[in-house]
Every structure is written in C-alpha cells, then in structure tokens.
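The next block holds one structure in the form of structure tokens; read it before the comments.
Just so we're on the same page: letters track the sequence lines, and every chain starts at 1. Values in this document were obtained by computation on a predicted structure and should not be read as measured data.
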There are 2 protein chains.
Amino acid sequence: MTTIRDVAKKAGVSVATVSRYLNDSGYVSGDAAKAVAAAVKELKYELNPVARSLNTKKTNLIGLIVPDITNPFFPELARAVEDVALTYGYTVILCNSDENPEKEKNYLETLKKKYIDGFIVTSNQLDAPHYANMALPIVALDRAINEHIPTVASNNREGAAMGTRVLLERGCKRILFLRGPEELNPANDRYEGFMDAIRDSGVEYDVVVCPFHFADSEKIVDRVLREHKNIDGIFASSDVSAAGALKAAAKLGIAVPDELQVVGFDGIAMGEMLTPGLTTVAQDVYKMGAIATRVLIKRIENQVEEQHFFEVPVQLKIRGTTRSVEK
Amino acid sequence: MTTIRDVAKKAGVSVATVSRYLNDSGYVSGDAAKAVAAAVKELKYELNPVARSLNTKKTNLIGLIVPDITNPFFPELARAVEDVALTYGYTVILCNSDENPEKEKNYLETLKKKYIDGFIVTSNQLDAPHYANMALPIVALDRAINEHIPTVASNNREGAAMGTRVLLERGCKRILFLRGPEELNPANDRYEGFMDAIRDSGVEYDVVVCPFHFADSEKIVDRVLREHKNIDGIFASSDVSAAGALKAAAKLGIAVPDELQVVGFDGIAMGEMLTPGLTTVAQDVYKMGAIATRVLIKRIENQVEEQHFFEVPVQLKIRGTTRSVEK
DNA sequence: CTGAAAGCGCTTACAG
DNA sequence: CTGAAAGCGCTTACAG
C-alpha cells in the first residue's frame, strides 16, 4: 500500500505539504503542487480514509434509521437517501429499528463511536434523551417535530382533506375513515385533515383506528362493512390499509367503485397494480428523502440553513377505486 | 474521551496489557485482568473502533449491493441481512447498483478503502475483473455462480416446473410463459424449469421475453392476449410481471381464474393484496439473505466452510388466480 | 505474564 | 509557503 510518506518522498516535500495539497487546506506553492500531483499520479496514491477519520472524526457515513425497510413506504426513501448521499460522496448505513427504542439507541451509540457523520431518522422517539444528547446532526423524516431537529414531512393534513373531498365530490353519503395508530404524528395530522373536510359537509362518517397492516386492515374493514351496510366510501390513512379494505369488499361481494369508493394515502407502487387501480393521496417519498439528505449534509458540513421544517406537497392520483365526478 | 491510556494508568498496567485483556488475545494474569476490568468500568471506557480499524483493517461493516432496493424483492433481503448482521455485531451499508458495472465497481473500491469486511452482492457482473481482484470475502445472492464465490439461490428451475404444473393440473390448454431477461441467470433457470414441465405435456405454449417491470409486462401481455385469444394460462417469471398480466386481462375483460389462470414467481407481499390473490412460486427471500450473511461472516472470520452453493427451496402459494384442481 | 516501542496512515498547530 | 513533530487511539511483535 502506498502511503502519504511515499508520495512526499517522491515529490521531494514533506507529508504535511502533501496533506495540505490533498485537502486543499493551507498554502501550497505552485511548484510543490505540481510535484505532488505528479507523484500521486505515478504512484496511484489513494488516501486512506480510515486513517483520516481517526484524525478528523468524520467518515462520510450517514445512518438511515427506519422502522422496517420491508414496509413499502421505506425502500423509495432509502433509494433517495442513497442517491443523494452518493452525489455528495457519502455512504449510507441501513438500520431497522422496529420502532424499538432500545434498538434505536443502540444503533445511535455504536455508530457514533464509529464516527458516523449524522443520521436520518424515522422515529417516534425523537424526544427521548438519547437524541437530545447526541451532539450529531440529525434530520427527522415523516414523523415528529422537535425544535432542535429539522424535519421533512408531507402536508398530511391538507392531503387528507384533499382525499376526503375526492369522496365527497363523488357523492359518498357515509364515509368510513381508517385512522392510523394514535402514536403516529402523520396519522394524527391525517385525521385532522379528514375532520377539516368532513365536518361541515353534513355527510355521515365513522372513524376506526386501524394499523398500517394489510391483514389487520382487511379484518377490521370486513367487520365494519358487515355492521354498517350503508357505507359507500372509505378513506384509508395508508395504501396498505386501503388494499386491505378492497380485499374485504371483494370478499363481501361489494363492487368497487360502484357501491363503494376507496381512497388511500401514500402512493406506493402497489396502488397501480391493483385492479381497479387505487385512487390515493400520493406522497413524494423520493423527494422527502432527497431533501432530508441534503439538509443533513449541509448540517454536517456546517453550512448555515435557517429553515427547520420542510413540507413536501402530496399529489392526488385518481384511479379506478373512485368514480367520475358527478355533474 | 477516555482512552486506553487512561485505563492503563488507572489500572496500573501498560496499554498493551489493557489491549490484550480487551481483545482476549495473549496472556493476562488474573490480577491484571481484575484491575483492568475495574478501571474500564469506573471510567466507562469504550474502545474506539476507528483506531482499532486502522490497525486491524477490519471494521465490522459489510456491504449489500442490490440493483435497486425499490424492487420489491430486495427490501426483505436487506432486512434479513441486517438482522443477521446485527446478531454478529456487524452493520450493513446499502448500495444500489442499478445493474451498472461502473457504479458497482465504484462502491466496491471506495468501500474497500474504508476497510469494509465483505460484500453480499446481487449482480450480473460477478465474473468481471473487479470481483476477481477484490481479495475480500464476497457472497453472491440469487444470481451468478462462480467457483470462487459462494452463492445462495432458490431452486429456480424446480420451482418453475412446479409453477408450470399448477397450470397443467388445472386444465390449461395453451400457456403463455413470461420469460425474464436473458442476461439473468435465475430467469434462465426458470425458463428451463418451465420447459422441463411443459415439454412432454402436449400442451401448447408461447414464450415471450418480458422484463420484471409492471407497466411493460402489462403492455406485452395485452398485445399477446389480443393476438392469441385462446391462451388460458400465464406463468410469469416474476410477481410483478404477473401483476401486469392480471391488469391486462382485467382491461380486456378476461375473467381470472375462470377464463385465464395466472401464476407468478417470487412471493412478494403484494401478491396477497391483489384480488384475486396471486398464486405464486414463493422464494424464501428472508432465508436467502440470512444464509448469505452467515456464510459471509464465517468467511470474514476465517472459519472453514466447505459448501459453496446453497439452495433455498421455494414454496407454492396457491391463491385465487388459479382454480381448484379438476378431478 | 508484561511493558516499551514501533507502527497503522493520516492531520494539524507551530515555528520558521 | 514549508517541514518537524506531536497526536488521533489503538494493536502487535519483541525482549525480558
């Protein structure tokens, strides 16, 4: 392995000068620069990043903590993070937390010891002490807002109102809202948005708490549809729940969208694979990941950034689980 | 930050002794061990992994290179890799290659410089020189077998034969096989398996090359179904293609499974969310990832492992896109 | 069984 | 503008 000493020797300068040249820090005369450049090229020298890290305490590594990469929301996020990170010369470490504070804390701590440069986190524990004491750049995604931690999220509330209106405009008279878990901020925002839109509409509605899980959602919707035969619209707080609702409806022989219209939230790829295609409030997950990564890297590199909250607009995707608007 | 020197001083021994104690390497007397243990505890000392890495050239980091984490096959793989890695004290770096040899090579090289300990790779470039010259433990997943690189894969050929037989047993008279890309080993194996089963059946069949991509598959199947009205069975080499086929059939008003039966391959979660549920040849992706990770770590830790090829059995999941077997 | 010392390969005040 | 030297925090022959 050729080291900085070899380069220095060949170029006839000190290692300090080589280091300065390599890092573009401090003064290096034109002649010295030329000699070093030639030596680097000739020896095919490449700086050893581990040795550098020991000094700088930086590694160009960032951690991405998600509850579970297997949840269809997260792969696209991970992709965006990785793409942008690569652009800036960073590499990403993937961590599944299972929403388990201990696992999260453990990752945070072991990676910090490894001089990781920062974290992008989707977590409900952001107010926990192990975050407050991190002294490392962190950006929160999707969930939790904390005055110390920049956050990027969809405009969940407005999006949910939009989704609700899709159902209202299409003549639904009794709407079932599949509300997400109460400990999730985005789920609560979506609930607010639903309420914003439904409140003054005069339309009947039911609210049922429902995890973002296919089989559970199917079971819950099956029960509710049996009890309330006149439900003609479902707004699910996630596409996975919407898929469960569709499955339940199909098994009960309820025609979608003729007897029952369904709108989801998320915009995951599965939505268009269903038949009929799922009408949904699509989040721009890729954009969220991209923004989060840029914000994080700015912080890592000590660039000033005033903004603390980044809202990414959602977009309606009208597909086959809703009818044409009645004139 | 408390260092090994602090511990040595407090324990009244040399740093060499502390290091030996910490790494359980070389002799340490009972007394010395006790003193060091006490000092470690009192100072809450934690070894600096970066400093260690500079010496050992090991980092407890492994790289996972996949074409695209967004492809529904890979999140579960990533999950398995991460779970097992964590168990052994390793952390995983996620790399999307887009099947691009340059990107792959770039990751391999930059991470090698960072003293990454090994790679789990899903790639078609495994015979490329940058792999041969790696001198780092590598395990291949799903694709490509190379006498120097251990591989874990499904029994694709047998699985495809099983899937084909599902259609044959249910009375299909003309089967369309959606063959995957020709540069993919697993796709070729599945093609062989299809041929194994169809050859002597006397049943008519067509083979069309079709990427593992939803919209493309839909388009291709739409065309074929228009041209050949008597096709009554489709075996797709991937679930995503099967979903495209189902969409095409639905748009053409072809009833599944009454007029057309469909079988997929992969077993991704989306399959059960479709209506009717997708009958498929399910791979045990999690198990593949888990095995690959264990094999890799064994190699990293220089444990002997004779076996070079690990085959993970597939499992039929009969759902709604196929009929009951005719008696 | 133990310690002094060299070494892993870099960066960074500091003096000149 | 440059170099000698200390330092980042560990590991590992080697001599005893």
Per-nucleotide protein contact along nucleotides 11-16 of chain D, 5' to 3', at a 4.0 Å heavy-atom cut-off (B base, S sugar-phosphate only, - neither), is SBB---
Of the non-hydrogen atoms in B:Pro67 and B:Phe74, which two are nearest, and what is the gap between them?
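Of all heavy-atom pairs spanning B:Pro67 and B:Phe74, the closest is CD-CZ, 3.3 Å.
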Write out all pairs satisfying salt bridge (Lys or Arg N to Asp or Glu O under 4.0 Å) with one or both partners inside residues 35-47 of chain B, taking only residues at least two apart or from two chains.
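Output for this query lists A:Lys113-B:Glu46, B:Lys10-B:Glu42.
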Selection residues 23-40 of chain A - residue pairs positive for salt bridge (Lys or Arg N to Asp or Glu O under 4.0 Å), sequence neighbours left out
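Residue pairs with at least one partner in residues 23-40 of chain A: there are none.
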Starting the side chain at C-beta, find the nucleotide from C:dC10, D:dG9, D:dG3 nearest to B:Thr3.
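Looking only at side-chain atoms, B:Thr3 lies closest to D:dG9.
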Could you state the atom-to-atom distance from [atom1] of [X] to [atom2] of [N] in whole Å?
| X | N | atom1 | atom2 | value |
| --- | --- | --- | --- | --- |
| B:Lys114 | C:dG9 | NZ | C1' | 16 Å |
| B:Met1 | D:dG9 | CE | C1' | 8 Å |
| A:Lys113 | D:dC8 | NZ | C1' | 18 Å |
| A:Asp31 | D:dT2 | CG | P | 8 Å |
| A:Lys9 | D:dG3 | NZ | P | 15 Å |

Which residues satisfy the salt bridge (charged side-chain N to carboxylate O under 4.0 Å, His left out) test with [X], sequence neighbours excluded?
| X | value |
| --- | --- |
| B:Lys58 | none |
| A:Lys112 | none |
| B:Arg79 | A:Asp68, A:Asp98, B:Asp83 |
| A:Glu76 | none |

Involving DNA chain D, stems made of at least three consecutive Watson-Crick or G-U pairs, both distances under 3.5 Å
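In DNA chain D, stems of three or more pairs: C:1-3 with D:14-16, C:5-12 with D:5-12, C:14-16 with D:1-3.
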How far does OG1 of B:Thr122 sit from CD of B:Glu99, to the nearest 0.5 angstrom?
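Nearest 0.5 Å value for the OG1-CD distance: 9.0 Å.
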Are A:Ser29 and D:dT2 close enough that a side-chain N or O sits under 4.0 Å from OP1 or OP2?
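Yes.
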Could you list the donor-acceptor pairs under 3.5 angstrom formed by side chains in residues 287-294 of chain B, with sequence neighbours left out?
from     : atom 1 : to       : atom 2 : distance (Å)
B:Thr293 : OG1    : B:Gly289 : O      : 2.7

Start at the 5' end of DNA chain C and walk down; is the nucleotide closest to B:Tyr27 or to B:Leu54 reached first?
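Final value for this comparison: B:Tyr27.
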Using a heavy-atom cut-off of 4.0 Å across all strands, would you classify B:Val50 as base, sugar-phosphate, or nothing?
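Touches nothing.
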Scan B:Tyr21 against the nucleic acid and name what it touches under 4.0 Å (heavy atoms): base, sugar-phosphate only, or nothing.
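No contact.
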